[in-house]
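Data block below; observations after.
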Amino acid sequence: MTKILFITHTAAPSGAEIATARLARALRDLGVYVAVAYAQDGAMAQRMRADGFDTWILSHTFDSRTMTIADHSPTRLLAGTVGLARIGWALGDVATESGATVMIAESSKALLMGAVAARRAKIPLVWHVHDRVSPEYFGHVLAPIVRILGRLLSCGYIANSRSTMSSLLPRRRALVAYPGVESAPIAARAEQRDPAETIVTVVGRLTAWKGQDVFLHAAANTTVRPSHIYLVGGTFFGEESYHKHLEQLSDELGLPVTFTGHVDDPEEYMRRADILVHCSVLAEPFGQVVVEGMRAGCAVIASRPGGPTEIIESGVNGLLVEGGDRRALTAALDTLIGDRELRCRLAAAGIRRAVCFDIAESARAVAHFLRAVGAPSDTEVSAAWSRNAG
Ligand code: GLC
């Protein structure tokens, strides 16, 4: 019987942690025992505990922000690694106490903690990869190091998209499992409005690579401007100055923007919106909000390359534009704002497409994969991989 211990380095409610919580719930619904260990306390840890999961906080002094990919000076990296290894030592006891049969590291930092802990607890460690391990994201020095460590320290990968998987060193024990959404129907949503009434929502952490500044410039140049814009998302990892910059920019451009800050459930803003825009300027690893927006009945514009290209068929169930291309984004906004019928068609097809990302399906594939991870033969793993990556 598989017993899973998820480990994460942060308890902030950002994309990877939200995806982990959804997967944990869906696995529990399948009857799998799931516990979670957070390197530090925070909103997600409290939420999981309230939800009835065995939840461990590993340190009350660790601050995940002291070791960021933006600042990877050798001394900080070394100090951070030693700190993570220390937490990993404590995590080894937690793993034994929880009776876990497998540990899943939810980030590269968690991988370092998990490497120490899994060896102490003598259980396999799987790396659940939410970020593309690319030079553009991790930097030229760190990316190959993380790739090699990922290969050496774990005994299998679960990647959140084919795009993410392609950024790792190849291995047989590997599964693509898309972060899913719950299949329960959403509450009633607003009808698609006339062009001059259009509401546009952008959901995501306010951070430069998510490209909200590109969006504001693009929205300012539309022929018929949106009647209102919601920028939904918080700043968790020292991104406050970018938030200020966005506020200034929307003032300068005279755009009617509401900054909601972080909201636990952004669905309300999606149900209110005609169009949901995802505009990352780097390849998005997966892009949960793209699926959430489709599920909520928005006409969705998302940027390529990366995960969104595995979700959207452009012109059929959404529109894809090149990440960072303001003009292309303005053109896509103009197309959708000006054509209510097209919005209705894309939104209806988007709802049908979102059904393919049922979290229960991903959980079944993950459960199957994990059963095989401890098994002597890799046959089962390959089967799971080919079913899900196909
Ligand atoms: C990270 C990725 C995002 C993905 C999420 C869940 O936040 O940046 O693309 O949707 O993890 O896997």
Side-chain angles (χ1 to χ4, degrees), residues 6-27 42-44 64 68-70 104-111 126-134 136-138 143 146 150 157-168 174-182 202-212 232-237 239 262 266 270 276-295 300 302-312 318 320 323 354 356-359 361-363 365-366 388:
F6 282 106
I7 51 177
T8 84
H9 72 275
T10 169
S14 65
E17 287 65 43
I18 292 170
T20 304
R22 280 191 182 135
L23 179 62
R25 275 195 290 274
L27 283 162
M44 287 311 289
S64 67
T68 69
I69 51 169
I104 310 187
E106 293 295 323
S107 65
S108 45
K109 289 175 192 164
L111 183 74
V126 168
W127 184 23
H128 192 178
V129 197
H130 293 275
D131 297 313
R132 298 186 79 258
V133 187
S134 61
E136 55 171 13
Y137 188 72
F138 278 90
V146 172
Y157 312 140
I158 300 171
N160 62 358
S161 68
R162 290 202 291 271
S163 174
T164 297
M165 187 66 89
S166 71
S167 73
L168 308 175
L175 170 77
V176 172
Y178 290 124
V181 287
E182 273 99 21
V202 180
V203 180
R205 193 150 57 86
L206 302 183
T207 188
W209 76 270
K210 291 284 182 187
Q212 287 95 344
V232 182
T235 51
F236 303 123
F237 309 114
E239 295 126 342
H262 170 76
M270 295 180 176
L276 177 114
V277 174
H278 160 277
C279 46
S280 292
V281 297
L282 299 185
E284 179 71 45
F286 175 68
Q288 294 180 96
V289 297
V290 174
V291 179
E292 289 171 16
M294 290 167 112
R295 174 170 177 266
V300 176
S303 61
R304 59 177 164 235
T309 62
E310 296 171 46
I311 305 170
I312 288 183
L320 289 171
C356 306
F357 295 88
D358 182 352
I359 186 66
E361 273 303 312
S362 297
V366 167
N388 284 281

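As the structure lists them, so they are numbered: ligands from 1, and atoms in each ligand from 1. This chain uses plain numbering: 1 for the first residue, then up along the sequence.
- Remark: T207 pairs with E239 by the side chain to side chain donor-acceptor pair (under 3.5 Å) rule, at least two apart or across chains.
- What you find for A354 and V291 is that their closest heavy atoms are CB-O, 4.0 Å.
- Listed by chain and residue number, S14 satisfy the side chain to side chain donor-acceptor pair (under 3.5 Å) test with E17 (two or more places apart in sequence, or in another chain).
- Counted by atom type alone, S166 and S163 present zero donor-acceptor pairs between their side chains at under 3.5 Å.
- Taking every heavy atom of both residues into account, E182 and R295 meet most closely at O-NE, 3.0 Å.
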Could you list each nitrogen or oxygen of ligand 1 that sits under 3.5 Å from a protein nitrogen or oxygen, with the atom names and the distance?
{"from": "ligand 1", "atom 1": "7 (O)", "to": "A16", "atom 2": "N", "distance (Å)": "3.3"}
{"from": "ligand 1", "atom 1": "8 (O)", "to": "E284", "atom 2": "OE2", "distance (Å)": "3.4"}
{"from": "ligand 1", "atom 1": "9 (O)", "to": "E284", "atom 2": "OE2", "distance (Å)": "2.4"}
{"from": "ligand 1", "atom 1": "9 (O)", "to": "F286", "atom 2": "N", "distance (Å)": "2.9"}
{"from": "ligand 1", "atom 1": "9 (O)", "to": "G287", "atom 2": "N", "distance (Å)": "3.0"}
{"from": "ligand 1", "atom 1": "10 (O)", "to": "G287", "atom 2": "N", "distance (Å)": "3.0"}
{"from": "ligand 1", "atom 1": "10 (O)", "to": "Q288", "atom 2": "N", "distance (Å)": "3.1"}
{"from": "ligand 1", "atom 1": "12 (O)", "to": "H130", "atom 2": "ND1", "distance (Å)": "2.6"}
{"from": "ligand 1", "atom 1": "12 (O)", "to": "N160", "atom 2": "ND2", "distance (Å)": "2.9"}

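- Remark: R22 pairs with Q288, E292 by the side chain to side chain donor-acceptor pair (under 3.5 Å) rule, at least two apart or across chains.
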